[in-house]
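Here's the structure we're looking at; comments come further down.
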Amino acid sequence: MAYDKNGFRIPLSDTLKNNAQPKIDLLFLGCTFTYGDACYAEETFPYLVSKATNLSYANAGVCSYGLSHMLLLAEKLIPKYKPKYVIVQYSPWLVSRGTNMFAPVYIVSLPNPYFSKKNNAFY
């Protein structure tokens, strides 16, 4: 696994390239599937979409993230990088991760950012 200076996953072959503030056309947010756990960066769908469209990209997927994590990350990354497009992974299990106070771990309780409904609004 390799990362640029901004923390985005990149192919190993890109580690020697200049890591200046990147121009990002496509910003990908998601969990393990977006990140591309257990595969080369060149096999991830952010890389493949970027290559097929000839647009620059940032793979901001993080293993075990839920929708609430992605929202927090989007609020930080979108104003900073101003991507043309934001692609968000939306899988059924991400909803439950985003509505539970604790992450699904086996040994301890791990607090998790989550959404709650109050007065017909989400917080």
Side-chain angles (χ1 to χ4, degrees):
M1 307 294 179
Y3 306 91
D4 67 11
K5 74 172 191 165
N6 303 297
F8 300 125
R9 182 164 183 208
I10 59 172
L12 290 173
S13 59
D14 289 353
T15 57
L16 298 177
K17 293 182 180 175
N18 182 3
N19 280 329
Q21 176 95 352
K23 173 188 165 280
I24 297 173
D25 295 322
L26 306 168
L27 175 63
F28 289 85
L29 300 170
C31 72
T32 308
F33 286 77
T34 299
Y35 173 81
D37 192 33
C39 68
Y40 292 109
E42 296 86 350
E43 296 171 346
T44 64
F45 80 87
Y47 179 88
L48 296 172
V49 170
S50 171
K51 188 172 181 165
T53 59
N54 202 29
L55 295 171
S56 63
Y57 79 104
N59 183 347
V62 179
C63 296
S64 299
Y65 260 27
L67 292 175
S68 49
H69 293 98
M70 289 179 233
L71 176 62
L72 295 171
L73 193 56
E75 289 174 341
K76 181 175 114 178
L77 298 179
I78 293 170
K80 182 176 182 177
Y81 296 105
K82 297 175 180 52
K84 289 182 182 177
Y85 305 97
V86 178
I87 296 90
V88 179
Q89 175 190 339
Y90 188 80
S91 303
W93 60 87
L94 297 176
V95 174
S96 64
R97 286 183 186 171
T99 56
N100 291 323
M101 291 174 42
F102 297 97
V105 296
Y106 297 107
I107 300 173
V108 296
S109 292
L110 182 63
N112 193 42
Y114 64 94
F115 295 105
S116 66
K117 189 173 182 181
K118 180 180 176 184
N119 299 327
N120 292 325
F122 285 102
Y123 295 93

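The analysis underlying the following values was restricted to heavy atoms, covering all of them including side chains, and did not include hydrogens, waters or symmetry mates.
- One hydrophobic cluster, built from ILVMFWY side chains closer than 4.5 Å, holds both L73 and I78.
- Under the 3.5 Å distance criterion, the side-chain polar atoms of T44 are left unmatched by any main-chain donor or acceptor of Y35.
- Across all their heavy atoms, P113 and S68 have their closest contact at O-OG, 2.6 Å.
- Atom-to-atom distance recorded for D25:CG and S56:OG is 3.5 Å, nearest 0.5 angstrom.
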CA sep, side-chain torsions, deciding dist, call: Y57, F8, ring-ring contact (aromatic ring centres under 6.0 Å, His included):
CA-CA 9 Å; Y57 79 104; F8 300 125; 9.0 Å; no

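- Pairing each heavy atom of G61 with each of T34, the nearest pair is CA-CG2, 4.0 Å.
- No path of Ile, Leu, Val, Met, Phe, Trp and Tyr side chains, each step under 4.5 Å between heavy atoms, connects L26 with L77, placing them in separate hydrophobic clusters.
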Run the side chain to side chain contact (heavy atoms under 4.5 Å, CB included) check on Y81 and N6 step by step: do they pass?
CA-CA 11 Å; Y81 296 105; N6 303 297; 3.3 Å; yes

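- Every residue was checked against the ring-ring contact (aromatic ring centres under 6.0 Å, His included) condition with Y90, not counting sequence neighbours, and none meets it.
- Ring-plane geometry between W93 and F33 is classed as tilted, the angle between the planes lying from 30 to 60 degrees on a 0 to 90 degree scale.
- Closest approach of C63 to T32, counting heavy atoms only: CA-OG1, 3.4 Å.
- Residues E42 and S13 meet the side-chain proximity criterion, which asks for heavy atoms closer than 4.5 Å.
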Is there a side chain to side chain contact (heavy atoms under 4.5 Å, CB included) between V49 and F28? Walk through the geometry before answering.
CA-CA 10 Å; V49 170; F28 289 85; 3.9 Å; yes

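- Under the 4.5 Å side-chain heavy-atom criterion for ILVMFWY residues, no single connected hydrophobic cluster contains both F102 and L72.
- Residue M70 is grouped with residue V62 when hydrophobic side chains (ILVMFWY) are merged at heavy-atom distances under 4.5 angstrom, including chains of intermediate members.
- Note that SG of C39 is 7.5 Å distant from CG of D37, once rounded to the nearest 0.5 Å.
- A single hydrophobic cluster is not seen to contain both I87 and L29; linkage of ILVMFWY side chains at heavy-atom distances under 4.5 Å, directly or through other members, places them apart.
- Between Y47 and Y40, the ring centre distance reaches or exceeds 6.0 Å.
- Across G66 and H69, no two heavy atoms sit closer than the pair N-ND1, 2.9 Å.
- Counting heavy atoms from C-beta on, the side chains of N59 and I10 never come closer than 4.5 Å.
- Within the model, atoms NZ of K82 and NZ of K80 stand 11.0 Å from one another, a figure rounded to the nearest 0.5 Å.
- Here the closest non-hydrogen pair linking C31 and S64 is CB-N, 4.4 Å.
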